[in-house]
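It should be emphasised that the depicted structure is a prediction, and the values quoted were computed from it without experimental measurement.
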Amino acid sequence: MTNYEVMFIIDPTLEDAVKESTVEAVKGIIAAQGEVGEVDVWGMRKLAYPIMKKNEGYYVVVEFKGEATLPKELDRRLKISDNVIRHIIINKDEK
């Protein structure tokens with residue numbers, strides 16, 4: 001299994017319960033095919049540039065382990081999510 005890290009930014013206008021359920025949904029996607037590691041919720045931060053006319057976002061970083069198909073599926077699911085405005089998945093083992 002390979003070590004990965006996903007950082008995603010949740011729409012700041014959502015209620016706290018919806019933000020938490022989005023984090024749990026991402027953890028559920030990962031847990032179905034891999035292992036969830038450390039979850040680091042950064043909270044509200046200013047964006048470097050406006051995204052969808054928003055200047056702030058709710059940042060979350062999740063470390064996880066999985067096979068090569070897991071990041072592709074996670075990327076696909078995050079792209080179609082209305083709650084997530086940006087995301088990036090990094091292979092931590094790649095040098």
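- Side-chain contact between Val61 and Tyr59: absent, with no pair of heavy atoms (C-beta onward) separated by less than 4.5 Å.
- With a 6.0 Å radius and a threshold of 12 heavy atoms from other residues, nucleotides or ligands, Ile51 has its CD1 atom above the threshold.
- The distance from the CZ atom of Phe64 to the CD atom of Glu5 is 9.0 Å, given to the nearest 0.5 Å.
- You'll find the side chain of Ile10 reaches within 4.5 Å of the side chain of Val60, heavy atoms only.
- With rounding to the nearest 0.5 Å, the separation of CG in Leu78 from CD1 in Ile9 is 11.5 Å.
- Here the closest heavy-atom approach between residue Phe8 and residue Val84 is recorded as CB-CG1, 4.0 Å.
- Side-chain contact between Trp42 and Met7 is present, with heavy atoms from C-beta onward closer than 4.5 Å.
- By the 6.0 Å contact criterion, NZ on Lys72 is open, its count of non-hydrogen atoms from other residues, nucleotides or ligands being 12 or less.
- A side-chain donor from one of Thr13 and Asp11 sits under 3.5 Å from a side-chain acceptor of the other.
- Of all the heavy atoms in Met52 and Ile85, the pair that sits closest is CE-CG2, 3.7 Å.
- Inter-residue side-chain proximity for Glu67 and Gln33 is flagged as unmet; no heavy-atom pair is nearer than 4.5 Å.
- Across all their heavy atoms, Asn55 and Pro50 have their closest contact at OD1-CG, 3.5 Å.
- With hydrogens and angles ignored, the 3.5 Å screen pairs a side-chain donor or acceptor of Ser21 with a backbone N or O of Val18.
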- Item | Evaluation steps, salt bridge (charged side-chain N to carboxylate O under 4.0 Å, His left out), between Glu15 and Lys19 | CA-CA 6 Å; Glu15 296 178 11; Lys19 291 176 188 171; over 6 Å; no
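- The NE2 atom of His87 sits 3.5 Å away from the CG atom of Asp75 when rounded to the nearest 0.5 Å.
- Looking only at side-chain heavy atoms (C-beta outward), Lys79 and Arg76 stay at 4.5 Å or farther from each other.
- At a threshold of 4.5 Å between side-chain heavy atoms, the hydrophobic network of Ile, Leu, Val, Met, Phe, Trp and Tyr places Ile88 and Tyr49 in one connected group.
- Shown here for Lys54 and Leu47, the closest heavy-atom pair between the two residues is O-CD1, 3.4 Å.
- A donor-acceptor pair is defined here as one N or O able to donate and one able to accept, closer than 3.5 Å; such a pair exists between the side chain of Asp93 and the backbone of Asn3.
- Looking only at side-chain heavy atoms (C-beta outward), Ile30 and Val62 come within less than 4.5 Å of each other.
- Put simply, OH on Tyr58 and CG on Leu14 are 11.0 Å apart, with the number rounded to the nearest 0.5 Å.
- In terms of hydrophobic clustering, with Ile, Leu, Val, Met, Phe, Trp and Tyr side chains grouped at heavy-atom distances under 4.5 Å, Val26 and Val39 are assigned to a common cluster.
- Here the shortest heavy-atom pairing between Glu56 and Pro12 reads O-CG, 3.0 Å.
- Distance check, rounded to the nearest 0.5 Å: CG of Leu70 to OH of Tyr4 gives 7.5 Å.
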